[in-house]
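Data first, discussion second: the structure below is written as structure tokens.
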Amino acid sequence: MLRHAFQCMGTEVELVLRADTGAEVLPRAEMEFRRLDALLSRFRSDSELSALNHLGSCRVGPELIEILQAALEARERTGGRFDPTIHDALVGAGYDRTFELVAAGVVAHSPMSASCGGEVFVDDDNSMVEIEPGYRLDLGGIAKGYAADRVLALLAVAGPALVDAGGDIAVTGGPWTIGVETGDGSVVLELDEGSVATSGRDRRRWSAGGEDAHHLIDPTTGRPAEGDLLRVTAVAATGMEAEVLATALFLAGDVDDAAAEADVLGVPAILVAEDGRTVLTGALA
Amino acid sequence: MTNHIARLYAAAGAILALFLAWAGIAAHPWQSDQTTPVATRVDSQTRALAAYEKRLKKDARLVRKVVRRRAAEARAARQAATAAAAAAAAQSATASSSWSPAPSVRVVTLPPAAAPAASTKTS
């Protein structure tokens, strides 16, 4: 078993290869992760995403086109709950720098709402992207899943592999066991292929002007979401889908609504309410 | 006779040469553009830049106007599509068809000393 860990995208990334050979692919996979971070981070002024946010309209590379198309498709599939145009709402909530700096510093003002649901035009043929004036993009809700999918494809050449991007996990060539925290302990999932992602307000949270704030923005209010859910773990075919589904279910409002929706969609999910109540849905029920 | 004509040509040529020399000297060919006053050059460059900036701002205003109009149209179309999708979802559970089929997953119990390969957490 080969393991390789590093810090990237504001979190700890671990790559696991169930093989004795192929160690040379691990540094290459790390480089790919770092390359994608350099393209997609809103916290790096030199990233392609920051350039697009600054200019509002510009020519971009194929990865940004691909992830934007996926994000816009996800917005449509989730009825707008997942939204890549929540950048200003995140900034309004105080998440205007990396989470480490937000957590270490002080946010003096209460969360301020900002308009979400801006239009984004992606011209695939000319590699052009235009954002509706007044909006900016944040890909934090999908970029780690995208990177995990890309890196997993690289590792899969060498053997059964697992990519853990700060809790967003993608696996291939299983069975792989993955621990999931519940309200009163934990369960272990076994997965051959696919991804697991968790969205919640138990970790990336901070105090803003005396109010609790977190990074899961409800696009209908432009503010951190309210409801009785603490955390949602979703299982899906890809890292991107798992991240989007976890966020969309979290924004369903309360644990019962989210569970009903997950069952309708057939999504295996673990929903944990603030009072510790845990509901398993889909194939896990 | 021939000498007379030759003298006339010579006189005409001399006058022409004198005129050309005068015109050449009057044009001050030894003075290059660099002797144009600096203030005059800067003024003309500034004017050109200002005109360029004005043109760019005008173009940017036009682009913003077009993007806003397209955004409004796209938003209306998206809201209509979302409403249609919501209506379809209310009628049937086939709304899940746009997602990839969920992978096979099960809850397992590990032996006491074993740990999972990884653990998910809020990202």
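Numbers restart at 1 for each chain; the letters A, B, ... are given by sequence-line order, proteins then strands.
Residue B/S104 comes nearest to A/L191 through the heavy atom pair O-CD1, 3.4 Å, listed as atom of the first residue, atom of the second, then distance. When all heavy atoms of A/V188 and B/P116 are compared, the closest pair comes out as CG1-CB, 4.4 Å. For the pair B/A71 and A/E119, the tightest heavy-atom approach, listed with the atom from each and the gap, is O-CG, 3.2 Å. Across all non-hydrogen atoms, the minimal contact from A/E132 to B/V67 is CA-CG1, 4.0 Å.
Listed options A/A236, A/A197, A/G79, A/A74 were ranked by heavy-atom pairs under 4.5 angstrom with chain B; first place goes to A/A236. Note: A/L245 leads A/V196, A/D202, A/L245 in heavy-atom pairs under 4.5 Å with chain B. Ranked by heavy-atom pairs under 4.5 Å with chain B, the list A/A246, A/G140, A/P133, A/A237 is led by A/P133. Highest contact tally toward chain B, considering only A/E130, A/R77, A/E73, A/E14, is held by A/R77 [criterion: heavy-atom pairs under 4.5 Å]. Residue with the most contacts toward chain B among A/E193, A/R75, A/R18: A/R75 (heavy-atom pairs, distance under 4.5 Å). Across A/A234, A/G194, A/G200, A/A165, the residue that shares the most heavy-atom pairs under 4.5 angstrom with chain B is A/G200.
Looking at A/I178, both its backbone and its side chain come within 4.5 Å of chain B, counting heavy atoms on both sides. For A/T11, no part sits under 4.5 Å from any heavy atom of chain B, backbone or side chain. Interface remark: A/D164 contributes side-chain atoms only to the contact with chain B (heavy atom separation under 4.5 Å). Both the backbone and the side chain of A/L189 come within contact range of chain B, judged by heavy atoms closer than 4.5 Å. Residue A/L280 touches chain B through its side chain alone, counting heavy-atom pairs closer than 4.5 Å. Contacts between A/V120 and chain B at a heavy-atom distance below 4.5 Å are absent for every atom of the residue. Of the two parts of A/Y135, only the side chain, counted from C-beta on, holds a non-hydrogen atom closer than 4.5 Å to a non-hydrogen atom of chain B. Heavy atoms closer than 4.5 Å to chain B are found in the side chain of A/F121, but not in its backbone. Using a 4.5 Å cut-off between heavy atoms, A/R3 contacts chain B through its side chain alone, with no backbone atom that close. For chain A, the nearby part of B/R78 is the side chain; its heavy atoms alone come within less than 4.5 Å.
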Please test B/R106 against A/D192 for salt bridge (Lys or Arg N to Asp or Glu O under 4.0 Å), starting from the C-alpha separation and ending with a verdict. CA-CA 10 Å; B/R106 56 221 157 259; A/D192 294 327; 3.6 Å; yes
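Side-chain atoms of B/S119 do not come within 3.5 Å of backbone N or O of A/V180 as any donor-acceptor pair.
A/T198 and B/T122 share no side-chain donor-acceptor pair at under 3.5 Å.
Shown here is A/E76, whose CD atom has no more than 12 heavy atoms of other residues, nucleotides or ligands within 6.0 Å.
Taking CD1 of A/I169 as the reference point, atom NZ of B/K121 lies at 7.5 Å (rounded to 0.5 Å). Taking CH2 from B/W99 and OG1 from A/T78, the interatomic distance works out to 6.0 Å, rounded to the nearest 0.5 Å.
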